[in-house]
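All values below come from the heavy atoms of this structure, side chains included, with hydrogens, waters and symmetry mates left out.
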Amino acid sequence: MAARVLLRQRVAAPFMAASLVGGALIPSVAMAEAPSYDHPSSKKPIYDDVETFLSPKAITTPVPSPASETIPQTSPPSGPSEQAHKPHGPTPTDRLAVEIGKARLFLHRYAAATEDAVNGAVDSAFHLEQSFTSTVASLAPPRESGETLMPGLVYVLVASMAGSIVARNRNVLVRASVPLALGVGAGWLLLPVTMTNVSDLLWRYESRLPALADAHLRTRDGIRDAWSFARVHVDVGRSYVNDKVGDARDVVESWVKKGK
């Protein structure tokens with residue numbers, strides 16, 4: 001056993017000495033990185049597979065031919081004319097914007113119509129109030145006329161109540177017409193200016209209905225004709241009575257004279 005160890009030491013000593021001498025005579029550069037394979041080495045590789053020791057630059061991938069199936073066939077880019085003629089449909093955002101615009105226009109129209117209706121109702125109410133107040137004010141007599149409403153209206157109401165008391169045992173037509181006739185008569189007698197204003201106002205409303213206005217005119221003309229006819233007959237009767245009374249007085253006077 002000890003002989004073998006000694007023999008190995010003796011064999012290894014000349015080999016180590018030869019290695020040191022060779023390194024001193026043939027110096028080589030020690031590289032920290034792997035040796036480059038760009039420059040071909042004069043040493044013969046110990047492996048048959050040479051491709052594994054080739055540099056990455058030496059290994060090139062084969063370029064396939066244009067007709068090869070490995071290259072994907074790409075369509076040529078379309079020109080600007082084709083892109084210009086290509087129809088583009090509305091996007092969801094555009095459609096949403098259009099619907100929002102329609103909704104806003106509908107709400108605007110509805111709000112404007114509501115506002116116009118409210119403004120019209122307020123204007124009509126204001127005009128109605130103004131017309132009512134101006135109409136009531138126009139019925140009152142002016143100051144220079146010297147006519148007062150309060151006592152005259154009380155007298156008119158008393159006359160109407162008196163007419164209803166007088167016609168309480170009569171039929172419906174008489175009970176409705178007598179108080180009205182007495183009230184209107186008392187009004188024309190006590191409040192002539194106010195009754196004139198009231199009649200003018202009634203005529204203004206009656207003129208909107210031609211048939212009613214014509215009937216009113218015929219009735220008024222008939223009443224005026226009857227009144228004038230009655231006055232003429234009263235005058236004729238008065239003159240006749242005066243004549244008869246004068247004749248009778250003359251006869252009596254003549255009798256008195258003859259008696260003397």
Write down the atom of N197, the atom of S138, and the distance for their closest heavy-atom approach.
ND2-O, 3.5 Å
Any donor-acceptor pair under 3.5 Å linking the side chain of S131 with the backbone of L128?
no
Show the nearest heavy-atom pair for residues S160 and G183, with the distance to one decimal.
OG-CA, 3.3 Å
Closest non-hydrogen atom pair between L149 and P141, with its separation
CD2-CD, 3.7 Å
Nearest 0.5 Å, please: how far is OG in S199 from NE2 in H216?
8.0 Å
Give me each pair satisfying ring-ring contact (aromatic ring centres under 6.0 Å, His included) with a member in residues 219-245, each pair once, sequence neighbours excluded.
F229-H233
How long is the straight-line distance from CG of L182 back to CG of L189, given to the nearest 0.5 Å?
11.5 Å
When rounded to the nearest 0.5 Å, the distance separating CH2 of W203 from CG of L217 is 3.5 Å
To the closest 0.5 Å, what do you measure between CZ (R104) and CD (E99)?
14.0 Å
Nearest atoms (heavy-atom pairs only) where L180 meets A176:
CB-O, 3.7 Å
Taking S164 for its side chain and M161 for its backbone only, find out whether a donor-acceptor pair lies under 3.5 Å.
yes
Take Y155 and L191 through the side chain to side chain contact (heavy atoms under 4.5 Å, CB included) test and state the conclusion after the steps.
CA-CA 10 Å; Y155 296 152; L191 302 172; over 6 Å; no
Just by modelled atom types, is the R170 backbone N or O under 3.5 Å from a matching donor or acceptor in the R175 side chain?
yes
ring-ring contact (aromatic ring centres under 6.0 Å, His included) with Y205: which residues, sequence neighbours excluded?
none
Any side-chain donor paired with an acceptor under 3.5 Å for D94 and T91?
yes
Compare all side-chain heavy atoms of E253 with those of D250 and state whether any distance is below 4.5 angstrom.
yes
Heavy-atom closest pair, residues V178 and G163:
CG1-O, 3.6 Å
Would you mind reporting whether V193 and S145 have side-chain heavy atoms less than 4.5 Å apart?
yes
Would you say the side-chain atoms of E147 pair up with the backbone N or O of P142, donor to acceptor, closer than 3.5 Å?
no
How far does CG of L139 sit from OG1 of T196, to the nearest 0.5 angstrom?
11.0 Å
Is the backbone of G120 close enough, under 3.5 Å, to the side chain of S124 for a donor and an acceptor to pair up by distance?
yes
From S134 atom OG to E129 atom CD, the distance as rounded to the nearest 0.5 Å
10.5 Å
Quick check: closest heavy atoms across S239 and V236, and the distance to 0.1 Å?
OG-O, 2.7 Å
